[in-house]
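A quick write-up on the structure given underneath.
Numbers restart at 1 for each chain; the letters A, B, ... are given by sequence-line order, proteins then strands.
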Amino acid sequence: MKLLQLHVDYIDYRPIEKEIEGAEASSGPERVEDAVVCFVSVEEGDDDGVAVRAVEELKASMDELKASRLLIYPYAHLSNRLAPPSRALALLRLMEDKAKERGIEVHRAPFGWLKSFELKLKAHPLAERFKEIGGEAVPKALVAEEKLKSYWYIITPEELIPVDEFDFSNYGDLERLARYEMAKSRAEHVIPPHVELMKRLELADYEPGSDPGNMRYYPKGRLVKSLLEEYVTEKVVEYGGMEVETPVMYDSAHPSLSSYLNRFPARQYMVRSEGKELFLRFSACFGQFLMAKDAELSYRHMPVRLYELTRYSFRREKRGELSGLRRLRAFTMPDCHALCADMDQAKEEMVRRLKLSMEVLEGVGLGGSYELAIRFTKDFYEQNRDFVHRLVGLVGKPALAEMWEKRFFYFVLKWEFNFIDSLGRASALSTDQIDVENGERFGIKYVDRDNVKRSPIILHNSPSGAIERVMFALLEKAYKDMKEGKVPTLPTWLLPIQARVIPVSGVHLEYAREVMERLDGSGVRVDLDDREETLSKKVRRAEMEWVRYIVVVGEEEVKSGRISVRDRVKREVRRMGVEELIKEVKKEVEGKPFRRLPLPKLLSKRPTFHPL
RNA sequence: GCCUCGGUAGCUCAGCGGGUUAGAGCGCUGCUCUGGUAAGGCAGAGGUCGCGGGUUCAAAUCCCGCCCGAGGCUCCA
């Protein structure tokens, strides 16, 4: 809503003729003296809240001007994205009522008329003002969510225990999760440890030239991220996911999409193009649902599993919510939907996906580092008690449960695995939901056994959660280890540099290069520190870069043909043959994706993106 | 978005009750050292003091706005 506010000695206006069909009845010409005239354009997306705020702002500036008389004057020329006339008129009337309630003497010029006017503006600095109210409509889901009523429990395979009655003595992280979810966390003025690490290890960094929450990934970060992406994708394909790719932006005027937007509590990035308002996807749902709607589906195909690794999904989170790799505005999310014929099939499928998610977290190195939270409506719980407790049983430890009195979201049950970081905050990783709305909303149909078309129940699973968030959790976990006196590291298959060859002096460089090439040729991610530095200094640097195997070669190694290997994790130096080391690394990374080092192998040739 | 705190060399930070050429360590460049498992020695280069505006004879230092970061409110992948 746009407001042009003028403090006038007088204004005369005269309705000439109706401009639109929905024009109001006119009460004829009017003269208002010593008043504030407010020219108003009501814009697309303005709601009652905008009108109310507009009146509050008007009231405030009228108090300042010591004015008590207001003329609300519909004026379409302040905006090129006007609301429909009926909506505009409704809001103008609302403004009139609200202003009266605030004790203002209100006049209002008729809506929908061609009018002429003449006015005399008061000559003082505050006499002319322009205001813009709203601009962004808060999705209804965000507003409604705040009012949502829910009850908290600890759930075990057998029972549901009110949170206050549960003995947390052996469940520290679960208690932290419950605290975090139910209450507000206390203020801690600390830079998150993973932010420090992501920079120091040259993985990722903030990009001030973009929008907050959009990161840059250096070669090592891109490598780690690629490996995780590849791993998760392989696991999902193995489970039966069909990998697809869909657009990153969608028309917000599309009927199914706009109604879905109102059911999802998040803010969107908007892009304008050729008169369209496009929003950037916050998940892969749209693309996959639109694809499923156009597909020919039979009960024989169910469950149908569509998978996409979104690079990116976008959510315009509030500034204060953004935090390193933990919470971003652009993030990479594996998103796998399963279209299920009925609730029984959906439940069975959800069990498979819970297992898949556990395997994936185990594989990336977060096995055992998460707590389950499970949320459901009261109705669903009462009808599916056994199933809910069975899910909890699969994870094998008590979990946090939230029970909603009524269904507000599109799902009836949702679970997440939460990682608890060193600051006691919970972050969701894997998640799955049982969606009972969107099959119908998007017009997705399958032909059932009885030749009737039905809409499927849809599961929304991210087996790992956002890839960036997995990186966050791995770094936070390493930090926790460090605090406990252990060596902070990543799983070997994710280490940017698995092995580094260091010659004792320049004369051993050629031999060192041979050793490096043998390792490289066997699929070990290796490099060579050929800089003119002391041995100690080069070892120190390798340690700080979290290189797992530090291979030193000098006179003795040249003679014996064996190498000296410093194992950073086991904290020991061993002598072995090159083949032995290769075998050991291979065993460490078995079954995991491999990528070559995307950096010059010689340290002397390598630029620094972020100093240690 | 709002509230609180911060932004000085590539990095980490000192200086900031206004006033000569803005400092340190690390990193970088050069020289020296040919060194056996977490920092060898010497020298040098490098700064729009976040950006813009204001106050002042004079601003890194005081004031305002903006940008970026951290924390909170809030919410999630």
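Atom pair A:Arg606:CZ and B:G27:P shows a separation of 17 Å (rounding to whole Å applied). Residue A:Arg469 contributes atom CZ, which lies 5 Å from atom C1' of B:A77 at whole-angstrom precision. The interatomic distance linking A:Leu322 (CG) with B:C76 (P) rounds to 15 Å, in whole Å. Taking atom CG on A:Leu372 and atom P on B:A77, their separation rounds to 14 Å, with Å as the unit. As rounded to whole Å, 14 Å separates atom C1' of B:G27 from atom CZ of A:Arg200. Spacing between atom CH2 of A:Trp415 and atom P of B:C76 amounts to 16 Å, rounded to whole angstrom units. At whole-Å resolution of the value, CG in A:Leu429 and P in B:C75 are 20 Å apart. With rounding to whole Å, A:His194 atom NE2 is found 17 Å from B:A77 atom P.
Atom CD of A:Glu196 sits in a sparse spot, with 12 or fewer heavy atoms from other residues, nucleotides or ligands closer than 6.0 Å.
Looking at heavy-atom distances under 4.0 Å, A:Ile467 makes no contact with the nucleic acid at all. Among the atoms of the strands shown, none is found under 4.0 Å from any heavy atom of A:Arg281. Base contact: A:Ala426 has a heavy atom under 4.0 Å from a base atom. Heavy atoms of A:Glu468 sit nowhere under 4.0 angstrom from any nucleic acid atom.
Between A:Pro212 and A:Phe331, it is A:Pro212 whose nearest contact on RNA chain B lies nearer the 5' terminus. Of the residues near RNA chain B, A:Ala330 and A:Gly324, the one whose nearest nucleotide (by heavy atom distance) lies more toward the 5' end is A:Gly324.
Base pairing of B:G1: its partner is B:C73, meeting the Watson-Crick or G-U wobble criterion (both donor-acceptor distances under 3.5 Å). Base-pair partner of B:A45: not found among the strands shown (Watson-Crick or G-U wobble, both distances under 3.5 Å). Figure legend. B:G6 is base-paired to B:C68; pairs are counted as Watson-Crick or G-U wobble with both atom distances under 3.5 Å. Nucleotide B:A60 has no partner under the Watson-Crick or G-U criteria, as no pair reaches both atom distances under 3.5 Å. Across all strands shown, B:U37 forms no Watson-Crick or G-U wobble pair with both key distances under 3.5 Å.
Spacing of P atoms, B:A22 relative to B:C49, comes out at 11 Å, to the nearest Å. B:U55 sits 8 Å from B:C62 when the C1' atoms are compared, rounded to a whole Å. The same atom, P, is picked in B:C33 and in B:U48; the two are 36 Å apart, to the nearest Å. Rounded to the nearest Å, the gap between the C1' atom of B:C75 and that of B:A58 is 50 Å. Between B:C11 and B:G53, the two P atoms lie 25 Å apart (nearest whole Å). On the P atoms, B:U21 is 44 Å away from B:U34, given to the nearest whole Å. Atom name P, nucleotides B:G35 and B:A45: the rounded distance is 32 Å, in whole Å. Taking atom C1' on both nucleotides, B:A14 is separated from B:C57 by 29 Å, rounded to a whole Å.
A donor-acceptor contact under 3.5 Å is formed by the side chain of A:Arg327 with the base of B:C75.
Residue A:Arg531 places no side-chain N or O under 4.0 Å from the OP1 or OP2 atom of B:G27.
Ring planes of A:Tyr250 and A:Phe286: tilted class, angle from 30 to 60°. Between A:Tyr218 and A:Phe609, the ring planes lie parallel to each other; the angle is under 30°, not in the 30° to 60° tilted range. The aromatic rings of A:Trp415 and A:Phe417 sit tilted, their planes meeting at an angle between 30° and 60°.
Between the NZ atom in A:Lys414 and the CD atom in A:Glu402 there is a gap of 9.5 Å [rounded to 0.5 Å]. With rounding to the nearest 0.5 angstrom, the CE atom of A:Met350 is 9.0 Å from the OG atom of A:Ser357. Atom CZ of A:Arg352 and atom CZ of A:Arg305 lie 4.5 Å apart (nearest 0.5 Å). Once rounded to the nearest 0.5 Å, the distance linking CZ of A:Phe282 with CE of A:Met333 reads 9.0 Å.
Across residues 546-559 of chain A, A:Val552, A:Gly554, A:Glu555, A:Glu556, A:Glu557 each have a non-hydrogen atom less than 4.0 Å from an atom of RNA chain B (numbered order).
Between the side chain of A:Thr608 and the backbone N or O of A:Pro611, no donor-acceptor pair lies under 3.5 Å.
Considering only side-chain atoms of A:Glu532, the nucleotide from B:C76, B:U34, B:G71 that sits closest is B:U34. Among the nucleotides B:A77, B:G36, B:G71, the one closest to any side-chain atom of A:Pro192 is B:G71. The nucleotide whose nearest atom lies closest to any side-chain atom of A:Met333 is, among B:U37, B:A77, B:G72, B:A77. Minimum atom distance to the side chain of A:Arg326 is reached by B:C76, of the listed B:C76, B:U34, B:G36.
Using a cutoff of 4.0 Å between basic side-chain nitrogens and carboxylate oxygens, A:Glu468 and A:Arg311 are not scored as salt-bridged. With salt bridges taken as basic N to acidic carboxylate O contacts below 4.0 Å, none links A:Glu543 and A:Arg540.
In terms of the ring-ring contact (aromatic ring centres under 6.0 Å, His included) criterion, residue partners of A:Phe472 (sequence neighbours excluded) are, by chain and number, A:His194, A:Phe419.
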Problem set entry | Protein proximity profile, nucleotides 38-45 of chain B - base contact B, sugar-phosphate-only contact S, no contact -, cut-off 4.0 Å on heavy atoms | BBB-----
